[in-house]
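Following: one structure in structure tokens, then a few remarks.
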Amino acid sequence: MTSTISLGGAALRVGVLAVQGDVREHIRVIKSLGGEASAVRRPSELEQVEGVIIPGGESTTMDKLTRAFGLAEPLRELIREGFPVYGSCAGMIMLADTIADPSVDLAGNPQQTIGGLDIVVRRNAFGRQRESFETDLPFEELPGNGSDVHAVFIRAPWVEKVGESVKVLAQVEAPDTPPAEHGAHTGRDSARAQPVARIVAVRSGNLLATSFHPEVTGEHRIHELFLSLIAQRRAEHVGAL
Ligand SMILES: NC(=O)CC[C@H](N)C(=O)O
């Protein structure tokens, strides 16, 4: 497939944060769409790219390594300037301003995030019974024919609250489990619970986040949407010169 998302012939340059997690699949999808994709492990590598993907993985580890590699502060600064970032699963947690249930290390310090997205996320929110599942979801703002997205959720977070700047792009029906029972509810509990819609994809300006993993199913439209945010930003910058 050739990309329609390039400007002046130069491919869009996307970095994938490569301190931990599911890096290779994102690089493959961006390349298949005609973009340039590279792993980002050093602050200097951030200067080579026009947008960053924060992949799925384990947000506690990712937080520690992102700070240890000196990437957290430069990323925050870029986000303040409108730099496009897409976070998937643990990446969504890293972009959230607030974690409802952060993990706490032995010294009593809660995990941190890069932030920028005015949302509250809950980690591992779907509980044991639906720890990993797949489903088809309507998803707003996608390029193409508007058909549902096949979404794979792996110990995924959901978004519990969104600020005014945040647009909800997708929701999924899940049993209405009280927070105290997260991770511990039984089949009987969920049979009693009424399903409610949980937010699983959001966008705020150039920040995009999904609870699920589109990169493992051959679904490319979410990456295309992300590339279009980068292309738009490049056009604005060129226009401003
Ligand atoms: N697939 C994922 O990225 C899982 C995220 C993980 N549960 C976390 O809290 O970091």
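Nothing here was measured: the structure is a model prediction, and the numbers come from that model. Here, residue 1 is the first one in the sequence, and each next residue gets the next number. Whatever order the structure lists them in is the order used to number ligands and atoms, beginning at 1.
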Out of all atoms in ligand 1, which are within 4.0 Å of some heavy atom of [X]? Include the element for each.
X: Glu58; answer: 8 (C), 10 (O)
X: Ser59; answer: 8 (C), 9 (O), 10 (O)
X: Gly57; answer: 2 (C), 3 (O), 4 (C), 5 (C), 6 (C), 10 (O)

Subject >> Within-cut-off N or O pair, Thr60 and ligand 1, under 3.5 Å >> reply: no

Original post:
Under 3.5 Å, N or O to N or O, is Ala90 touching ligand 1 that way?
Top reply: yes

**OP:** May I ask you to identify the nearest protein heavy atom to atom 7 (N) of ligand 1, giving residue, atom name and distance to one decimal place in Å?
**Re:** Asn124 OD1, 2.6 Å

**OP:** Going by the side chain to side chain contact (heavy atoms under 4.5 Å, CB included) test, name the single residue among Leu95, Val166, Leu207 that passes it with Val202.
**Re:** Val166

**OP:** Kindly assign one of parallel, tilted or perpendicular to the pair Phe153 and Phe126, based on the angle between their ring planes and the thresholds 30° and 60°.
**Re:** perpendicular

**OP:** Report the part of Arg123 in contact with ligand 1, treating N, CA, C, O as backbone and CB onward as side chain, heavy atoms under 4.0 Å; options are side chain, backbone, both, neither.
**Re:** side chain

Subject >> Residue part near ligand 1, for Ile93, under 4.0 Å between non-hydrogen atoms >> reply: side chain

Original post:
Under the 3.5 angstrom rule, does the side chain of Glu36 hit a backbone N or O of Lys31 as a donor-acceptor pair?
Top reply: no

**OP:** Please confirm whether the backbone N or O of Trp158 pairs with a side-chain atom of Arg198, one donor and one acceptor, at under 3.5 Å?
**Re:** no

**OP:** Please answer: with hydrophobic residues joined when any side-chain heavy atoms are less than 4.5 Å apart, are Phe69 and Val16 in the same cluster?
**Re:** no

**OP:** Considering only NZ, NE, NH1 and NH2 on the basic side and carboxylate oxygens on the acidic side, decide whether Glu50 and Arg233 come within less than 4.0 Å.
**Re:** no

Subject >> Glu140/Arg203 salt bridge by N-O under 4.0 Å criterion >> reply: no

Original post:
Would you say His213 touches ligand 1, if touching means a heavy atom closer than 4.0 Å?
Top reply: yes

Original post:
Which of the listed options, Gly91, Gly56, Ser88, Cys89, holds the heavy atom that is closest to atom 1 (N) of ligand 1?
Top reply: Cys89

